[in-house]
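Read through the structure below, which is laid out as structure tokens, and then see the notes.
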Protein chains: 2
Amino acid sequence: MAIPHAVSGQPVSVLPAADAALERQTVALFKTQELEVMRLVLPQGKSMPAHKVAGDITVQCLEGSISFHSDGQDQVLQAGEMLYLHGGVVHSLTGLQDACVLVHIVLHK
Amino acid sequence: MAIPHAVSGQPVSVLPAADAALERQTVALFKTQELEVMRLVLPQGKSMPAHKVAGDITVQCLEGSISFHSDGQDQVLQAGEMLYLHGGVVHSLTGLQDACVLVHIVLHK
């Protein structure tokens, strides 16, 4: 089932545990002309392969922990920690524990 | 003391409880040419008066709860909930409980 994007000013829950219907799946929460927000579910050992996007991003660990690889470095993000990354930088993510991650991406027009 | 902004790829803690030196104060976490991220502390009953910014924003309640007013509507955001708002829309925030809020703002060049 497609998940409708929330509209401007409409609250949504960030945590999958609060919305059983989403079944802990990766989901796009918002998308405007300027900004995209998604919640990634990364089970332990699962990776999102190396990729890059044009705009700046932030990656916020909501649950569990992940390894974030960029610029030849691995960083561990625990729940409650975040980082930003400049656009165009190749990066990859791996779940160290079952993890849930909130990602903001600035979109270039 | 000025809080140095984190650099690209450097993890920071989102929650003030994890960093006693910040003493639960409002702080800018990141600022790039495209994106600004700040953590607002809104004690119960305290408001951020009506204002607007040019770019799209997201507001994520990390702790406590807030009332978010825009477009003639009040929304309650509990910890774990977020919303986005299009740029240029006047809005205000009030702490319903002692609250901590993460704000992303897309910056226009």
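Every chain is numbered from 1, with letters handed out A, B, ... down the list of sequences.
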What side-chain donor-acceptor pairs closer than 3.5 Å can you find for residues 88-99 of chain A, not counting sequence neighbours?
from	atom 1	to	atom 2	distance (Å)
His91(A)	ND1	His51(A)	O	3.3
His91(A)	ND1	Val89(A)	O	2.9
His91(A)	NE2	His51(A)	NE2	3.2
Thr94(A)	OG1	Ser47(A)	OG	2.7
Gln97(A)	OE1	Ser65(A)	N	3.4
Gln97(A)	OE1	Ser65(A)	OG	2.9
Asp98(A)	OD1	Gln44(A)	N	2.8

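Both the backbone and the side chain of Tyr84(B) come within contact range of chain A, each with at least one heavy atom under 4.5 Å from a heavy atom of that chain. Of the atoms belonging to Leu102(B), it is side-chain heavy atoms, and not backbone ones, that fall under 4.5 Å from chain A. Using a 4.5 Å cut-off between heavy atoms, Asp71(A) makes no contact with chain B at all. Only the backbone of Val76(A) comes within less than 4.5 Å of a heavy atom of chain B; no side-chain atom from C-beta onward does.
Between Gln60(A) and Leu62(B), the shortest heavy-atom contact is NE2-CD2, 3.8 Å. The two atoms that bring Pro43(A) and Val41(A) nearest to each other are CD-O, 3.6 Å, heavy atoms only. The two residues Cys61(B) and Glu63(B) come nearest to each other via the heavy atoms SG-O, 3.4 Å.
Of the listed residues (Glu34(A), His108(A), Glu81(A), Gln33(A)), the one with the most heavy-atom contacts under 4.5 Å to chain B is Glu34(A). Your options are Leu35(A), Leu83(A), Leu77(A), and the one with the most heavy-atom pairs under 4.5 Å with chain B is Leu83(A).
In the model, Thr58(B) has a side-chain atom that pairs as donor or acceptor with a side-chain atom of His104(A) under 3.5 Å.
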